[in-house]
Structures are given as C-alpha cells and as structure tokens.
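For the numbers below, each heavy atom of this structure counts, side chains included, while hydrogens, waters and symmetry mates do not. All residue numbers refer to positions in the sequence shown, counting from 1.
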Amino acid sequence: MASKPKLYYFCGRGRMESIRWLLAAAGVEFEEEFLETREQYEKLQEDGRLLFGQVPLVEIDGMTLTQTRAILSYLAAKYNLYGKDLKERVRIDMYVDGTLDLMLTIALAAFSAPEDREKAQASIVQKAKTRYFPAFEKILKDHGEDYLIGNKFSWADIQLLEAILMVEELDAPVLSDFPLLKAFKTRISNIPTIKKFLQPGSPRKPPPDRHYVETVRRVLQF
C-alpha cells in the first residue's frame with residue numbers, strides 16, 4: 001500500500017492550504033509535520049530537502065516536491081482534476097492564477113501591522129467585489145454549466161471555493177450581488193469530499209492568528 005503524502009509546513013494556512021484543499025477534494029488522506037522551531041527548518045535545509053530554501057514541502061510518490069504551483073499542478077494532474085486537454089488546462093491555469101492572486105493578498109494582510117489590518121482587509125473585499133468576483137460570475141453565466149471548465153469538477157472549482165470562503169471571513173454578505181457564485185459555493189461545498197473537509201476536526205486550518213504569525217516569523221527569522 002502506498003504511503004500517505006506528507007506535508008511540511010506551519011500549523012496554519014499560508015501556501016500549504018490550497019494543497020490541503022486539493023488533496024482533500026481528491027479524497028486523499030495525508031500526514032503533516034508542523035514547523036514550530038528554527039531548528040526544524042534548518043534541518044530540512046541541511047538535508048537538502050528544500051530546493052530553493054522554502055516551504056511548502058510535500059513528499060509524495062517517492063519524490064520531494066517544493067514550489068506551491070508545481071505541487072498543485074502535479075496533484076491536479078495525478079487526480080484527474082486538470083481538464084481533458086491543453087485548452088481546458090490553460091483555462092484552469094488562468095482561473096487558478098486569478099484566485100491565487102486574491103488569496104495571496106489575504107494571506108499577506110495577516111502579517112501587516114495591527115493598525116493597518118482593517119484597511120488592508122477592506123481593500124481586499126473591494127477588489128474581490130469589483131475585480132475577481134464579477135469575472136467569475138461572468139464565466140459561470142457565459143459557460144452555463146455547474147463547473148468552471150467543461151462540465152466537470154476541476155482544480156479551478158476547488159480553488160475558487162477556497163477563495164470565496166476566505167473573503168466571506170472578512171465580509172459575510174460579499175456574495176449578495178453574485179447569485180451564480182452563491183449557487184456555485186453551495187453546489188461545490190456539497191461535493192462529499194469537500195463537505196467532509198469543511199467539517200470541524202478536518203485538516204482545514206483556521207484564519208491566521210497571532211500565534212501563527214509569530215511562529216512563521218520565528219522560524220523564518222523575519
């Protein structure tokens with residue numbers, strides 16, 4: 001029996017969360033080792049396991065993988081969540097990169113000074129409502145299907161749901177002007193593997209708190 005993928009990261013969202021989402025959506029169980037000390041991080045570097053000196057790190061299929069986008073692409077292809085041809089794949093890449101841009105701004109806001117955080121979060125919600133969500137609402141309208149690509153569940157659907165839920169944590173009624181996205185959220189959330197991941201006690205991580213921010217800064221020394 002193949003061993004479970006093993007994930008090395010902090011006990012929080014960051015760049016690893018989309019990897020957790022993708023594995024969970026594919027119904028794949030995984031193990032995690034959380035970095036809490038500088039010594040753990042340095043040991044990974046000394047062992048030559050961090051190609052560019054960065055986490056996330058994922059061990060899977062006898063490989064040691066770094067770089068978030070490469071890991072996600074591999075998992076999406078491995079678990080048949082990456083479209084049926086190159087034209088579908090490039091659209092998945094395009095949609096995923098858009099949601100990644102949005103989620104990265106949310107992740108970075110957690111590291112801003114407390115007095116700047118509220119302003120940063122308001123800016124994120126504004127961008128979501130005027131730039132990102134209108135684009136995805138139009139995609140769903142023009143496409144006329146349940147999913148973003150073809151009529152099949154893909155990596156793009158997983159990451160869009162993740163992005164929606166992250167923005168809703170900042171502004172609960174953010175989808176009030178986007179009926180198709182609201183229906184999309186409900187539909188994708190009820191896929192059995194996704195529904196399981198959204199339940200309490202799953203490997204899904206909560207929004208970053210002060211402990212998470214302090215741990216990342218201590219381990220990475222910034």
Side-chain angles (χ1 to χ4, degrees), residues 2-26 28-83 86 89-113 120 124 132 154-156 158-160 162-163 166 197 203-222:
S3 60
K4 296 177 183 178
K6 187 167 183 179
L7 283 50
Y8 296 80
Y9 200 69
F10 309 99
C11 187
R13 289 182 181 173
R15 291 183 175 272
M16 184 64 86
E17 190 70 355
S18 292
I19 296 169
R20 298 183 185 107
W21 267 90
L22 190 47
L23 286 167
V28 179
E29 294 184 357
F30 53 88
E31 299 175 349
E32 298 195 72
E33 181 171 318
F34 299 123
L35 303 182
E36 292 283 347
T37 67
R38 180 69 182 178
E39 288 72 26
Q40 286 176 284
Y41 182 68
E42 289 176 342
K43 180 69 164 56
L44 291 175
Q45 290 181 307
E46 290 165 3
D47 290 346
R49 297 163 77 188
L50 301 182
L51 182 61
F52 299 108
Q54 301 176 122
V55 288
L57 166 67
V58 174
E59 293 178 342
I60 185 172
D61 295 340
M63 299 184 293
T64 300
L65 303 179
T66 60
Q67 300 305 112
T68 310
R69 190 65 163 76
I71 296 168
L72 288 166
S73 297
Y74 178 77
L75 295 176
K78 178 179 173 66
Y79 298 113
N80 198 26
L81 295 165
Y82 211 174
L86 281 174
R89 183 167 292 194
V90 74
R91 288 170 62 207
I92 289 172
D93 286 342
M94 186 165 58
Y95 299 162
V96 161
D97 282 353
T99 50
L100 185 62
D101 288 345
L102 176 59
M103 291 191 294
L104 186 57
T105 62
I106 298 173
L108 291 175
F111 291 87
S112 58
I124 290 165
Y132 296 100
S154 77
W155 173 23
I158 300 165
Q159 195 150 297
L160 177 56
E162 182 187 0
M166 289 176 72
F197 189 61
R204 185 184 179 215
K205 300 300 182 280
D209 58 14
R210 189 174 72 176
H211 174 74
Y212 169 75
V213 170
E214 290 176 349
T215 299
V216 173
R217 284 182 168 153
R218 180 177 66 252
V219 173
L220 299 183
Q221 295 186 349
F222 76 91

Y41 side chain reached by L220 side chain, heavy atoms, under 4.5 Å: yes
Closest contact, heavy atoms only, I19 versus V58: CG2-CG2, 4.2 Å
Side chain to side chain contact (heavy atoms under 4.5 Å, CB included) between M166 and R13, worked out: CA-CA 11 Å; M166 289 176 72; R13 289 182 181 173; 3.9 Å; yes
Side chain to side chain donor-acceptor pair (under 3.5 Å) partner of K4, the single match among E31, E29, E59: E29
Over all atoms of both residues, closest heavy-atom pair of P5 and L23: CG-CD2, 4.3 Å
Rounded distance (nearest 0.5 Å) linking atom OH of Y95 with atom CG of L160: 10.5 Å
Y9 (side chain) donor-acceptor with R15 (main chain) under 3.5 angstrom: yes
Flag if over 12 foreign heavy atoms under 6.0 Å of CD, E214: yes
Heavy-atom pair with the smallest gap, counting every atom of T68 and P56: OG1-CD, 3.5 Å
Worked check of side chain to side chain contact (heavy atoms under 4.5 Å, CB included) between L22 and Y79: CA-CA 9 Å; L22 190 47; Y79 298 113; 5.9 Å; no
Identified salt bridge (charged side-chain N to carboxylate O under 4.0 Å, His left out) counterpart of K205 within the set E17, E162, E32: E32
Pairs where residues 69-82 contributes a residue and the test salt bridge (charged side-chain N to carboxylate O under 4.0 Å, His left out) is met, not counting sequence neighbours: D61-K78, R69-D93, R69-D97
Listed partners of R91 passing salt bridge (charged side-chain N to carboxylate O under 4.0 Å, His left out), at least two apart: none
Pairwise distance CG(L44) to CD(E33) - rounded to 0.5 angstrom: 7.0 Å
Donor-acceptor under 3.5 Å (S112 side chain, L108 main chain): no
Rounded distance (nearest 0.5 Å) linking atom CZ of F10 with atom CD of Q40: 9.5 Å
Where Y212 and P208 come nearest, the two heavy atoms and their spacing: CD2-CB, 3.4 Å
Atom pair CE/CG of M16 and L7 - distance to nearest 0.5 Å: 4.0 Å
Flag side-chain contact, heavy atom, 4.5 Å: E36 against R218: yes
Side-chain (Q159) to main-chain (W155) donor-acceptor, under 3.5 angstrom: no
Taking every non-hydrogen atom, the tightest pair across I124 and A109: CD1-CB, 3.9 Å
Nearest-0.5 Å distance, OG of residue S18 to CD1 of residue I71: 11.0 Å
Residue pair Q54 / L50, side-chain heavy-atom distance below 4.5 Å: no
For F30 against P203, the heavy-atom pair lying closest together: CZ-CB, 3.6 Å
Contact check, side chains of I60 and L75, non-hydrogen atoms, under 4.5 Å: yes
With F197 via ring-ring contact (aromatic ring centres under 6.0 Å, His included) - residues at least two apart: W21
Minimum side-chain heavy-atom gap F111-V216 below 4.5 Å: yes
Pairwise distance NZ(K43) to CZ(R49) - rounded to 0.5 angstrom: 7.0 Å
